[in-house]
Trainee: 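Take a look at this one; I'll ask things after.
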Amino acid sequence: MMTPCRSAFAALALLMLATPGRTQAIAEDAPILRLDCGGIGLEESERMRAEVGMHALTVFFSTTEGGWVTDVETQVDEPLSGLRAEASCGPIGQVDVPTPGRYRISASYAGERQEHWVDLAPQGGARLSLRWQE
């Protein structure tokens, strides 16, 4: 005779064997477009600058006079695939893309909007400086 614990274990093992597609669906990741924002404070700024080569794109937000800008409404998208990431960013934003391609960077600050198209690749190390009048 089987103990209740062994019965439950056997039933669980049979259930797992009966649904092989379930574990496969969890293992497959959907492509992810990521936008991380930061760079406030010397330590965080230095870390993000040192990691430029680990990301597809690093965006620097500043004024034309050289001051740093925060709270920039930023959006990165790839219209053909429908991938999109957005955040309030600054003074540094780092973008990770799932595949090489042409991506649109849109940023709004103090009522002024900028839009740039850039060719990006995972860990490509590209840089983009966005500047606004003070």
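Since the structure is predicted, the reported quantities are computational estimates derived from the model, not experimental observations.
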Trainee: Does any pair with a residue in residues 53-82 pass disulfide bond (SG atoms under 2.5 Å apart), and if so which ones, sequence neighbours excluded?
Mentor: none
Trainee: Decide yes or no for Pro122 and Asp96: does some side-chain heavy atom of the first lie under 4.5 Å from some side-chain heavy atom of the second?
Mentor: no
Trainee: Identify, with sequence neighbours excluded, every residue that meets side-chain hydrogen bond (donor to acceptor under 3.5 Å, both in side chains) alongside Asp119.
Mentor: Arg102
Trainee: Just so I know, are the side chains of Tyr103 and Val95 near enough to count as touching, which here means a heavy-atom distance under 4.5 Å?
Mentor: no
Trainee: Do you reckon Val69 sits in the same ILVMFWY cluster as Ile92, going by side-chain contacts under 4.5 Å, direct or chained?
Mentor: no
Trainee: Listing request: all salt bridge (Lys or Arg N to Asp or Glu O under 4.0 Å) pairs with a residue in residues 107-116, at least two apart in sequence or in separate chains.
Mentor: Arg113-Glu115
Trainee: For Glu51, check side-chain hydrogen bond (donor to acceptor under 3.5 Å, both in side chains) against everything at least two apart and list the hits.
Mentor: Arg47
Trainee: Can you tell me how far the CE atom of Met48 sits from the NE2 atom of His55, to the nearest 0.5 Å?
Mentor: 7.0 Å
Trainee: Which atoms form the tightest heavy-atom contact between Val72 and Trp132, and what is the distance?
Mentor: CG1-CH2, 3.7 Å
Trainee: For residues 37-117, pull every pair meeting disulfide bond (SG atoms under 2.5 Å apart), keeping only residues two or more places apart or in separate chains.
Mentor: Cys37-Cys89
Trainee: Taking Val59 as the starting point, is it possible to reach Tyr109 by hopping between hydrophobic residues whose side chains are less than 4.5 Å apart?
Mentor: yes
Trainee: With sequence neighbours left out, what residues match Phe60 under ring pair (Phe, Tyr, Trp, His ring centres under 6.0 Å)?
Mentor: none
Trainee: Could you state the interatomic distance from OG1 (Thr64) to CD (Gln133), rounded to the nearest 0.5 Å?
Mentor: 4.0 Å
Trainee: Mind checking what makes side-chain hydrogen bond (donor to acceptor under 3.5 Å, both in side chains) contact with Arg127, not counting sequence neighbours?
Mentor: none
Trainee: How long is the span from the CD1 atom in Ile105 to the CG atom in Leu130, to the nearest 0.5 Å?
Mentor: 8.5 Å
Trainee: Could you pull out the closest heavy-atom pair between Gly39 and Ser45, with the gap in Å?
Mentor: O-CB, 3.6 Å
Trainee: Report whether Val52 and Leu128 are members of the same hydrophobic cluster (ILVMFWY, side-chain heavy atoms less than 4.5 Å apart, transitive linking).
Mentor: no
Trainee: Holding to side-chain contact (heavy atoms from CB on, under 4.5 Å), I want the full list of residues that pass it with Gln123, two or more places apart in sequence or in another chain.
Mentor: none
Trainee: For residues 71-88, pull every pair meeting salt bridge (Lys or Arg N to Asp or Glu O under 4.0 Å), keeping only residues two or more places apart or in separate chains.
Mentor: Asp77-Arg104
Trainee: Among residues two or more places apart or on two chains, list those pairs meeting disulfide bond (SG atoms under 2.5 Å apart) that have a residue in residues 92-134.
Mentor: none
Trainee: Of all residues at least two apart in sequence or in a different chain, which pass the side-chain contact (heavy atoms from CB on, under 4.5 Å) check with Ala56?
Mentor: Val97, Leu120
Trainee: Do you know the tightest heavy-atom contact between Phe61 and Gly90?
Mentor: CD1-CA, 3.7 Å
Trainee: Do any pairs count as a ring-ring contact (aromatic ring centres under 6.0 Å, His included) and have a residue in residues 76-96, sequence neighbours left out, and if so which ones?
Mentor: none
